[in-house]
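Throughout, protein chains are lettered first and strands after them, A, B, ... in sequence-line order, and every chain is numbered starting at 1.
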Amino acid sequence: MSLKIFNTMSGKKEDFVPQKENHVGMYVCGVTVYDYCHVGHARAAIVFDTLYRYLKYIGNEVNFIRNFTDIDDKIINRANEEGVEWQEINRKYIEAFHEDMGKLNIASPTVEPKATDHIPEMLEMIQSLVDQEKAYESQGDVFYSIKTFKDYGCLSGKNIEDLKSGARVEVNEVKQDPLDFALWKKSKPGEPSWESPWGPGRPGWHIECSAMSKRYLGDTFDIHGGGKDLVFPHHENEIAQSCGCTGKQPVRYWVHNGFVNIDKEKMSKSLGNFFTLRDIYKKYHPEVLRLFLISSQYRSPIDFSEKNLEDATKVMSRFYEGLAGANEKLKKMDINSISELDEKVKGHPLTKSFEAAMNDDLNTAVVMAHLNEGLRHLNSASINEEFAITAQAWINSAKVLGLFASSPEKFEEELFAIKSKNLNIDVEKIEKLIADRNTARKSKNWSEADRCRDELTAIGVLITDTPHGTEWKIK
RNA sequence: GGCACCGUCGCCAAGUGGUAAGGCCGAGGUCUGCAAAAUCUCUAUCGGCGGUUCGAGUCCGCCCGGUGCCUCCA
């Protein structure tokens with residue numbers, strides 16, 4: 001059984017076979033750094049982070065490239081609005097990206113190239129296209145001539161005639177054909193610019209990904225990923241550029257993640273219905289967000305709501321409590337005495353079903369079902385070798401999904417910090433009530449004990465009597 | 001208008017044509033002074049109507065409802 005992945009190009013799940021055995025080249029479109037990331041960005045990052053982790057898990061060496069678009073109209077506008085240099089905007093939001101995504105336990109790609117560090121590679125490609133008469137200069141801009149590429153539309157399933165008859169194709173007299181797109185844009189006075197054979201300007205959006213993927217992964221590489229919204233025109237144009245240049249299809253598997261919706265509607269900047277990660281972290285733990293985002297298969301739309309995050313919080317807490325319990329039991333036994341532990345973990349049914357689900361186009365929703373069942377087994381298991389193997393299989397699977405980045409104690413603390421900030425928690429008062437209750441309990445004054453607990457419940461505190469004493473947390 | 005996609009329990013969410021995973025919520029049992037946590041048990045015939053088939057949530061057609069792309073967008 002091996003990995004199958006849905007290829008947008010064919011519209012089917014295909015067996016994933018890398019070009020070079022056990023080596024995978026993967027390029028994922030990153031973000032344009034002019035603002036803070038929202039949940040949609042997080043989903044894309046998590047999906048491909050999960051794919052990255054899984055590819056490694058099944059024995060591949062992965063060369064993973066994720067770019068930053070650091071020159072574009074929106075960046076220039078933002079810089080003008082704030083009265084700072086455009087580089088300052090980039091610096092600020094790249095740093096924010098790393099901070100916000102880091103909290104989601106997104107692993108670092110092999111390389112995170114920036115567009116502006118690769119202008120020469122882009123100019124080289126543009127020149128090649130111009131030389132082959134697949135691109136033309138017009139008033140300082142350079143456009144790709146769509147009619148020179150007969151397969152245009154192959155990825156998105158569009159045909160040129162349909163696009164032309166569509167109402168939203170812009171009319172532009174500098175283009176030979178309305179569908180032609182910019183490879184190089186002449187700069188206006190005062191804008192950042194680079195020298196080129198066609199005068200000072202800056203790259204069009206699409207060329208950077210073609211140039212950088214070629215630079216780091218070669219003319220043809222295995223996986224190119226991004227959000228569904230990039231299929232057209234971005235990735236379609238990349239194909240046109242790369243094929244035009246090298247005569248080869250650049251990508252073997254096109255992988256696209258579905259959107260995050262708000263009330264069934266796509267979360268997007270232009271609709272203004274987006275939540276930044278920073279805002280969400282004020283109310284919910286980042287790992288909870290990750291769990292929520294992998295609880296659906298990556299191609300399905302996923303509806304973002306507070307209710308869903310609250311559900312995810314419960315699940316994540318249960319997972320960490322399960323982990324704490326498992327760790328405690330594991331401590332009581334000598335794991336090293338188990339012969340061939342790794343082999344037994346690999347052959348465990350939980351590992352097998354994890355792999356089967358992941359192999360089926362990364363069906364993380366099914367993995368969650370298996371993890372829940374695994375947890376139920378662990379919670380009721382007695383301490384023995386079988387338990388240790390199951391526990392190990394369970395933890396390993398969760399980690400490939402990027403979960404359990406923290407420890408149960410730390411997670412609990414962080415959750416507490418988030419909740420208490422939103423609730424105005426008075427720890428002294430709580431501890432006093434718990435002490436009073438325990439005093440009452442000792443003298444079997446149950447009504448007084450219950451009164452204390454009712455008061456705690458009223459302020460949102462949940463208490464649990466354990467052999468080690470009374471524990472409490474915020475509901 | 002063109003091209004795609006989606007509609008499964010109150011909510012979230014899986015489901016190679018062979019008889020509906022899992023989670024949240026809810027009900028009941030065990031545990032507990034009572035709770036909580038844990039654990040056990042219970043809770044859907046798949047938007048509608050036709051068709052293909054021995055058999056359909058799963059294929060085909062039509063209808064209803066919703067979304068996306070066609071413009072920057074993860």
Identified pairing partner of A4(B), criterion: Watson-Crick or G-U wobble below 3.5 Å:
U67(B)
Pick base, sugar-phosphate or nothing for Ser296(A), based on heavy-atom distances below 4.0 Å to the nucleic acid.
sugar-phosphate
Trp394(A) ring center within less than 6.0 Å of Phe387(A) ring center:
no
Tell me whether the OP1 or OP2 atom of C24(B) has a side-chain N or O from Arg318(A) closer than 4.0 Å.
yes
OP1 or OP2 of C25(B) sitting under 4.0 Å from any side-chain N/O of Lys314(A)?
yes
Under 4.0 angstrom, heavy atoms only, what part of the nucleic acid is Phe292(A) near: base, sugar-phosphate, or nothing?
nothing
Under 4.0 Å, heavy atoms only, any strand: does Gly40(A) hit a base, just the sugar-phosphate, or nothing?
base
With no angle test and no hydrogens, is the base of G1(B) tied to the side chain of Asp162(A) by a donor-acceptor pair under 3.5 Å?
no
C24(B), OP1 or OP2 - any side-chain N/O from Thr313(A) closer than 4.0 Å?
no
Can a cation-pi geometry be assigned to Lys473(A) and Phe416(A), taking NZ or CZ under 6.0 Å from the six-membered ring centre and within 45° of the ring axis?
no
Looking across every strand, which nucleic acid part, if any, lies under 4.0 Å from Lys228(A) by heavy atom: base, sugar-phosphate, or nothing?
nothing
Quick one: is Asn363(A) getting a side-chain N or O under 4.0 Å of the G15(B) phosphate, OP1 or OP2?
yes
Reckon Asn257(A) touches a base, only the sugar-phosphate, or nothing at all at heavy-atom distances under 4.0 Å?
base
Under 4.0 Å from OP1 or OP2 of U39(B): is there any side-chain N or O of Asn379(A) that close?
yes
Could you please name the partner base of A21(B), counting Watson-Crick and G-U wobble pairs only when both distances are under 3.5 Å?
none
Is the shortest side-chain N to carboxylate O distance from Glu310(A) to Lys314(A) below 4.0 Å?
no
Sugar-phosphate, base or nothing in reach of Glu265(A), heavy atoms under 4.0 Å
sugar-phosphate
Scan Thr466(A) against the nucleic acid and name what it touches under 4.0 Å (heavy atoms): base, sugar-phosphate only, or nothing.
nothing
Is Gln297(A) touching bases, backbone alone, or none of the nucleic acid, heavy atoms closer than 4.0 Å?
sugar-phosphate
Under 4.0 angstrom between Lys266(A) side-chain N/O and C69(B) OP1 or OP2:
yes
